[in-house]
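Values below: every heavy atom of this structure, side chains too, minus hydrogens, waters and symmetry copies. Here is how names work: the chains are called A, B, and so on, in the same order as the sequence lines, proteins then strands, and each is numbered from 1.
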Amino acid sequence: MASKENRSISAAILKQPILVLIILFIVVVGFVNPSFVSIANLKNVLVDASIYGVSALAMTIAIICGEFDLSLSSNFMWSQIFFCYLLNSWGNTYLGILAAWLCMLLTCMFFGALNGLIVVKGKVSSFITTLGMMMMIKGLCLVFTDGQMVSTSNEFVKMMGKGTLFGFSYLTYIFIFMVLMAFYVMKYTRFGRSLYATGGNYTAAQLSGINVEFNKFIIFVILGLAAGISGSMFVCLMRAGSVLYGADLSLTCVAATVIGGTPLSGGKGSVLRTVIGVLVIYVLYKSLAFLGLQGYFNTLIKGLALLLVVTFDAYMSKTGKRGINVGKRAQ
Amino acid sequence: METGKKWISFTILLREWGLIFGIVIVIIVAAFVNNQFLSGENFANILRSVSTVGIASVGMAIVVIGGTMDLSIGSTISLVGVVTMLIMNSPSGVDPAGTDLTAIIAILAGVAIGAVVGLINGGILAAVNGRMGESFIFTYAMQIIIGAVAFAVVQGKFQSAKYPNGLFKSMGIGITPIIIFLVIAIIMQVLLKRTGFGRNLYFLGANMDAAKMAGIRIKTIRVISNILCGACAGLTGVLIVSRVNSASCLQGLGYEFDAMTCVAVGGVSLAGGTGSIAKTVLGVMVIGVLGTALNVMGIGSNEQLIVRGAVIITAVMLDGFNKRAKLKEVGH
């Protein structure tokens, strides 16, 4: 009885090793520097995680559907810059702010749609397409701003970044809303399930009447939209836009997805896992700062943690898979 | 009948080596804008400037043919750069009598560091039977780690050369880097096309499961291909330091995407198992000639980024159309 219980606990730990590791990590860092576990700091972690989190959700959906996007970071830069620019000219009225926001989102979705068209109709792999688009959008940002930072002193945006409701920042609520929406769409709608099918087995999904080409296309539009929303959240917090902010966005989002446990092979995974992945990454970032180590040491541990988690995950799934395959072949 | 056959052979030629026509068109346009573009000196300059990214691209092509990729080469180049600079700036390197001997040690150390990074990449990938997806995330993690190590080695400080003229300084100037680039490319082309290792690598990239069933030692092939890629990145780092006479821990930033660009423009499919080093060299030349031509036309570096992005997508799209058209012909 006891051994069975033990086994189920160890099974649970093996299922979510990252969650256990990160709780251990928080406890250790909390002992070294108690102010890390203060409510104010954990709220800060949440705010920072919210911004990249929205993009990470979209990246997870894309990876589930078997695609991914390197141009997300450039799209994020563009959204900050263009949003600040529009706010400076239209931001006097609420209608103007709304118009600026929608206009910025439309441009981001247009870039996403361009990616989608090239991938679906041009049949170019998403790595190359989005690598090219990454350069093009970054070039556009540089041409647009001449490399300068664009800042805005809009009051509404300032209020969105600083304001709190029940003690939590508005940005956190936006993230939570996005998570719930993404979870609902992926789990309970026909469209969400067809995305899983498209990523799992493209040909089978096509034969069963799913519009796979539309799915692949719409994924990139969603990615563009998410980059736009993330960018506007970032503008609320920083009240500025520049090509220097968010260069690591796309790869961090892929890392958050993979750490959360969504495999890169597609067809499996969930957006809730990515929420865990994002939180793990941000707790790691912030806690390393609280340990008082040198900057490069933080980077080193960040990389090592990513490598260890992903290797462990890949090794576990490989051994699991192999066991089943060998059994089948023997029969 | 005969003319028809000739026409087909011409289209086949165009399909196989369309990149050459691309280069020729760019050269003609640039020569109209500025006739200095056609001078031999200019071409030597172009070759010299692409030789570093060219060597990195040759290494990248090997792993892409094998069905993985390596995002860590940028950080590897930075690390090799700072380490070789520290070796050359040591007392024995600054001393005029010992500078050539130290240069040999520094060059070997640089290539060895690259090979070790490749060994780690390849070892992990072989251990988990990784493919493109896994290699993407593993080598991204390695990029972060190696970048941090490079920063730690010099504490983020910029290093300038203190050693006298000699073997090390001559590595990156004049015709030497061009010769090194071409020799590496020829060796790798022969290695991939004429040896068992090369054939197995193509097989591995095309179908890993089938290669395993066929009794190919896929883990060994995977590790060797990654070591070759890392060593090429190491050599690139040495040549860059030698040319610019300084080293910083951010020197290699973005080289992985530059190399991927050249590899993709050269027609090496990211699906693995196809492509060649010769075409990668052509891809490198296209990017190099295009960059110089845009400079000659007076287009700024920001706008060039847009053009380069468009060129990558267009080149790979056309390549894909060609391949599908070829398959259709075979089918008929």
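Minimum heavy-atom separation, A/V124 to B/V316: CG1-CG1, 3.6 Å. Considering every non-hydrogen atom in both B/A141 and A/G303, the closest pair reads CB-O, 3.7 Å.
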Practice prompt. Could you walk me through whether A/T252 and B/Y140 pass side chain to side chain contact (heavy atoms under 4.5 Å, CB included), step by step?
Written response: CA-CA 10 Å; A/T252 306; B/Y140 170 56; 4.2 Å; yes

Item to complete: Take B/M317 and A/K123 through the test side chain to side chain contact (heavy atoms under 4.5 Å, CB included) and record every step on the way to the result.
Response: CA-CA 7 Å; B/M317 206 189 292; A/K123 296 199 166 49; over 6 Å; no

Worksheet item: Would B/F257 and A/M134 satisfy side chain to side chain contact (heavy atoms under 4.5 Å, CB included), going step by step from the backbone distance to the final call?
Response: CA-CA 10 Å; B/F257 288 134; A/M134 177 181 89; 3.9 Å; yes

Fill in: side chain to side chain contact (heavy atoms under 4.5 Å, CB included) evaluation trace for A/L307 with B/M142
CA-CA 7 Å; A/L307 191 68; B/M142 282 302 282; 4.1 Å; yes

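The line from CD of B/E303 to CG of A/L142 is 9.0 Å long, rounded to the nearest 0.5 Å. One finds the CZ atom of B/F136 at 6.0 Å from the CZ atom of A/F127 (value rounded to the nearest 0.5 Å). Note that the CZ atom of B/R308 and the CE atom of A/M136 stand 13.0 Å from one another [nearest 0.5 Å]. A distance of 6.5 Å separates CG of A/D146 from CG of B/N302, quoted to the nearest 0.5 Å. Here the CG-CD1 distance, from A/L304 to B/I145, works out to 4.0 Å after rounding to the nearest 0.5 Å. Note that the CG atom of A/D248 and the CD1 atom of B/I144 stand 8.5 Å from one another [nearest 0.5 Å].
Per-residue heavy-atom pair counts under 4.5 Å with chain A were compared for B/I313, B/I124, B/I312, and the maximum is reached by B/I313. Between chain A and the options B/R324, B/M132, B/Q304, B/E134, heavy-atom pairs under 4.5 Å are most frequent for B/R324. Contacts with chain A were tallied for B/G309, B/G147, B/C249; B/G309 has the most, counting heavy-atom pairs under 4.5 Å.
For chain B, the nearby part of A/L70 is the side chain; its heavy atoms alone come within less than 4.5 Å.
The shortest distance between side-chain heavy atoms of B/I306 and A/M135 does not fall below 4.5 Å.
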